[in-house]
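In what follows, every heavy atom counts, from backbone to side chain, and hydrogens, waters and symmetry copies are set aside.
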Amino acid sequence: MEHPLSSEGIFLLVCLFFFFVSSAHILFLDSNFKQPNMPYWNQTGYKLPVKASLEDYEETVKKAKEAWKVWADIPAPKRGEIVRQIGDALRQKIKVLGSLVSLEMGKIFVEGVGEVQEYVDVCDYAVGLSRMIGGPILPSERPGHALIEQWNPVGLVGIITAFNFPVAVYGWNSAIAMICGNACLWKGAPTTSLISVAVTKIIAKVLEDNRVPGAVCSLVCGGADIGTAMARDERMDLLSFTGSTKVGKQVALMVQERFGRSLLELGGNNAIIADTLYGPLHTKEAVKMFLDAVEQAKQQGGSVVCGGKVINRPGNYVEPTIVTGLPHNAPIVHTETFAPILYVLKFKEEEEVFAWNNEVKQGLSSSIFTKDLGRIFRWLGPKGSDCGIVNVNIPTSGAEIGGAFGGEKHTGGGRESGSDSWKLYMRRSTCTINYSKNLPLAQGIKFQ
């Protein structure tokens, strides 16, 4: 599928963002330059700075922590109003942002626009949530006492996102984190730096128009060294990481070593994937991974009945591929490959195919197509799918923002976006208030 705009046209749009939208605290300038990722053409005539130094990172964290002091004092409904304005600002630029997502990531234009729309939607959701978050008043066993649950922001939320959803995942995290009273520090994927800068500048203008420091939503464009610094930094009160299971394990260990909080959204490898309208793969490396996966499938006993080749044209295009004949436990079937490959497995009994779904290490999303009501509820029940997202008669993609997004097992266990995911961005205190003239102990204990 052709991209609707030329590389030169997109570059001009990027320039408009750079020069006409107010700045936030964005640090990415140093001596390292490289060409932006262009999956549709694999070539550009310009270069942009894309990497921050650790000194830049240090300065950004300090500014973000200072900005949090201002943001935390703003009442939650007012924070929600500012997040609403962010959603409106994104809505006004949704097509150009969608083009940037398509250009830099490689997904088709309508999916790029849809991804920005998801950020807009979660902003709308967060507005209402800003007037609802809070804890219960619990009955105390002691006369003249009140027992309440108090929720406060954790402080600074670090958000590391992946190339495949360069806008939506940041939106899920930042919109909810912001209404909870947190500042955010974003590190997007190095190959999608343009969209990270554009989104951050739009947010910054809204913040500054409301006389709030732009550093409430800061951005550092960098590589693994910046991500490692964030994972080890005790000033990161919560670190949300989206990426591969392999890297996620490393991040989790580094955060746990300092007894920090992490929110992990890792590998998927969903049980049903079907998509014939798509753009190019993200990078040349992804094309090589596609070819390697096809070859491994053949070596492990599979037959390629459709596709399996690179399309001879500019860009990172490959053919949609269907593979049959593989056993359910073939290593390639259990491997997450970011490519349009569908492994078709035949089953005889419901129990065995449910077990096949659950035997993979990942546990993000799964789906079944059936009109059997009994099978539907067995699929949703304790012996059914063990994924975080369990669908019926719809694909595994396209999760709505009102529900919690995330998965089990090697997917990390984290939850973002809707339901009670807001609790991950706050700290809970159980508070007992004695308004009597006595000092009784719990459990009726008396010291004689």
*Trace of the side-chain contact (heavy atoms from CB on, under 4.5 Å) decision for D225 with Y57*: CA-CA 10 Å; D225 58 336; Y57 166 77; over 6 Å; no
*side-chain contact (heavy atoms from CB on, under 4.5 Å) between I368 and S366, worked out*: CA-CA 7 Å; I368 189 171; S366 57; over 6 Å; no
Charged N to carboxylate O under 4.0 angstrom, [X] versus [Y]?
X	Y	answer
K62	E59	no
R235	E58	yes
K69	D73	no
K65	D237	yes

Report yes if the side chains of [X] and [Y] come closer than 4.5 Å at any heavy-atom pair, otherwise no.
X	Y	result
I82	L207	yes
I226	L54	yes
R79	S130	no
R261	L239	no
D386	E408	no
I202	I86	no
W422	M132	no
K423	R415	no

*asked:* Determine whether E81 and R84 satisfy the following criterion, salt bridge (charged side-chain N to carboxylate O under 4.0 Å, His left out), listing intermediate values before the conclusion.
replied: CA-CA 5 Å; E81 164 59 19; R84 183 194 66 78; 2.8 Å; yes
*Check the pair Y125 / S417 against side chain to side chain donor-acceptor pair (under 3.5 Å), numbers first and verdict last.*
CA-CA 9 Å; Y125 174 81; S417 192; over 6 Å; no
Which heavy atom of [X] sits nearest to which heavy atom of [Y], and what is that distance?
X	Y	answer
P153	R427	O-NE, 3.8 Å
I195	P166	CG2-CB, 3.7 Å
E141	Q443	OE2-N, 2.6 Å
N391	I394	CB-CG1, 3.5 Å
C184	A177	SG-CB, 3.9 Å
I179	G80	CG2-CA, 3.8 Å

Side chains of [X] and [Y], donor plus acceptor under 3.5 Å:
X	Y	answer
Q92	D88	no
S53	D56	yes
T161	W186	yes
Y170	S196	no

Starting at [atom1] of [X], measure out to [atom2] of [Y] and round the result to the nearest 0.5 Å.
X	Y	atom1	atom2	result
I94	S99	CD1	OG	11.0 Å
K249	H410	NZ	NE2	5.0 Å
W68	E66	CH2	CD	10.5 Å
N173	L238	CG	CG	8.0 Å
K288	T283	NZ	OG1	11.5 Å
L97	L194	CG	CG	11.5 Å

*Audit row: N210, K78, side-chain contact (heavy atoms from CB on, under 4.5 Å) steps and yes/no*: CA-CA 10 Å; N210 284 273; K78 176 60 177 175; 3.8 Å; yes
*Could you walk me through whether C387 and N357 pass the side-chain contact (heavy atoms from CB on, under 4.5 Å) check?*
CA-CA 9 Å; C387 293; N357 175 78; 4.2 Å; yes
*What orientation do F405 and W172 show, parallel under 30°, tilted 30 to 60°, or perpendicular over 60°?*
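Ring orientation, 0 to 90° scale: tilted.
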Side chain of [X], backbone of [Y]: donor and acceptor closer than 3.5 Å?
X	Y	answer
K361	H334	no
E115	V167	yes
H282	M105	yes
N316	L281	yes
K107	N164	yes
T411	G363	yes
S429	C431	no
N182	L156	no
R378	K383	no
E265	E416	no

[atom1]/[X]: more than 12 non-hydrogen atoms of other groups inside 6.0 Å:
X	atom1	result
R131	CZ	no
I137	CD1	no
E149	CD	yes

*Which one of F290, F163, F165 satisfies the ring-ring contact (aromatic ring centres under 6.0 Å, His included) criterion with F338?*
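It is F163; the other options fail the test.
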*asked:* For the residue pair K95 and F109, would you count it as a cation-pi contact if the rule is NZ or CZ under 6.0 angstrom from the ring centre and within 45 degrees of the ring axis?
replied: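 Judged by the rule, K95 and F109 form no cation-pi pair.
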*asked:* Does Q296 form a side chain to side chain donor-acceptor pair (under 3.5 Å) with D292? I'd like the steps, not just the answer.
replied: CA-CA 6 Å; Q296 289 179 50; D292 289 345; 5.7 Å; no
